[in-house]
Amino acid sequence: DFDRFLLQRESYERWGVQIPHLAVVHDDEVERFRRDIPFQQNLTIMSTREVLPPWLEKRRRAKGYRRLNPLHWLTPQPLHGWMAQQLTKLLAATVVPTEGIVCLDSELAFVGPLSDADFETEDGTMHLYETVDDLDAEMGDWYVKSMRFLDVPLRHQTMYRCVHAPAVLHRDVMLELQRHVEQLHQKDWIRAILGTPDIYEYQTYGVFARHLHHLRLVAPVVPQLSLYYWWPEQIETIAQDFARRLEERPARLVLVNSNLGIDTAVYRSLIAARWPGSPMATV
């Protein structure tokens with residue numbers, strides 16, 4: 001994550017992106033990020049301890065305790081880092097004052113400039129990223145589970161894929177979602193999500209924004225900002241087809257799936273070749 005975030009931050013500054021950037025880092029690693037990231041223009045680094053409720057941060061830290069550590073047994077229900085990341089995104093509405101929140105996973109690097117206008121329609125309505133032609137069974141199952149979680153009728157409903165990178169979230173819609181969950185389940189919204197298997201942030205946000213908030217503050221848009229290297233067979237040919245794929249579908253961001261375990265050194269030069277001033281840059 002550190003190496004990917006370092007590349008993301010350098011590409012962010014090389015392209016002169018002015019959108020303020022808040023990075024939430026695991027509390028046990030935050031000092032390294034604050035100390036060793038040289039690209040800190042418009043950057044604020046916060047620890048999970050500053051964002052997550054204390055009881056949730058305690059569960060997150062417990063995931064790293066070994067069985068011989070007494071804390072492993074004293075802290076029930078350790079929280080996986082992936083789930084902590086999702087809850088952190090939904091909690092961003094409590095620490096970010098802006099109307100729009102763009103979620104950047106560390107896997108993303110910039111190959112073009114971005115501004116606020118890239119996440120809004122011409123009349124200023126914030127995007128809701130949805131697709132239907134790439135919805136596989138797993139994504140569809142997540143959408144249905146989010147519908148059930150939010151008590152949305154399933155009959156005569158179209159399913160959407162809302163898992164896209166970057167994702168843009170409307171702060172007010174997120175706050176309304178949290179209130180709705182608490183009223184519906186009669187408990188804290190975080191505990192409600194944790195108590196329901198396979199409830200994930202983007203699908204749940206998309207279901208609420210469309211079916212319960214009725215697109216009042218967001219506009220459905222097919223995302224076009226990112227080029228994906230998601231599958232093993234794709235990363236095998238990245239050196240040969242990177243430039244061609246960007247020409248066929250101009251993008252401003254490239255995502256290399258972290259689950260592939262690929263070192264950033266494999267593709268850093270391809271990203272850097274797109275930066276302004278590079279001898280190989282294409283702008």
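Computed from a predicted model, the values in this text were never measured in an experiment.
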Check whether any side-chain heavy atom of L225 sits under 4.5 Å from a side-chain heavy atom of P166, and report yes or no.
yes
Quick one: does L150's side chain get under 4.5 Å of L177's, heavy atoms only?
yes
Quick one: are F119 and V221 in side-chain contact, heavy atoms under 4.5 Å?
no
Taking ring-ring contact (aromatic ring centres under 6.0 Å, His included) as the definition, give me every residue that meets it alongside Y160, ordered by chain and number, with sequence neighbours left out.
none
Please assess E31 against R34 for the test salt bridge (charged side-chain N to carboxylate O under 4.0 Å, His left out), listing each intermediate value before the final yes or no.
CA-CA 5 Å; E31 289 308 316; R34 287 172 173 162; 3.3 Å; yes
Within a radius of less than 6.0 Å around CD of E122, do more than 12 heavy atoms belonging to other residues, nucleotides or ligands occur?
no
If you count every heavy atom of other residues, nucleotides or ligands that lies below 6.0 Å from R171 atom CZ, does the total exceed 12?
yes
ring-ring contact (aromatic ring centres under 6.0 Å, His included) pairs touching residues 212-242, sequence neighbours excluded, are F208-H213
Any heavy-atom pair between the side chains of L91 and I190 that's under 4.5 Å?
yes
Those residues that, when tested against E29, pass salt bridge (charged side-chain N to carboxylate O under 4.0 Å, His left out) (two or more places apart):
none
Going by the side chain to side chain donor-acceptor pair (under 3.5 Å) test, which pairs reach into residues 105-115, not counting sequence neighbours?
D1-S106, K89-D105, E107-S258
Under the side-chain contact (heavy atoms from CB on, under 4.5 Å) test, residues paired with V144 that sit two or more places apart:
R148, L154, M159
Looking at side-chain heavy atoms only, is the closest gap between L104 and F5 below 4.5 Å?
no
Heavy-atom check, side chain of R268 versus side chain of E10, under 4.5 Å:
yes
Kindly indicate whether the side chain of L253, heavy atoms from C-beta on, has any atom under 4.5 Å from the side chain of L114.
yes
Carboxylate-amine/guanidinium proximity below 4.0 Å for E57 and R60:
yes
Side chain to side chain donor-acceptor pair (under 3.5 Å) partners of residues 132-146, not counting sequence neighbours, each pair once:
T131-D134, D134-R161, D141-K145, Y143-H211, K145-D198, S146-T204
Applying salt bridge (charged side-chain N to carboxylate O under 4.0 Å, His left out) to E176 and R179, what does each step give before you reach the verdict?
CA-CA 5 Å; E176 290 286 346; R179 285 191 284 269; 3.1 Å; yes
Checking R191 against H185: is there a side-chain donor and acceptor pair closer than 3.5 Å?
no
When you compare the side chain of H164 with that of S226, does any pair of heavy atoms fall below 4.5 Å?
no
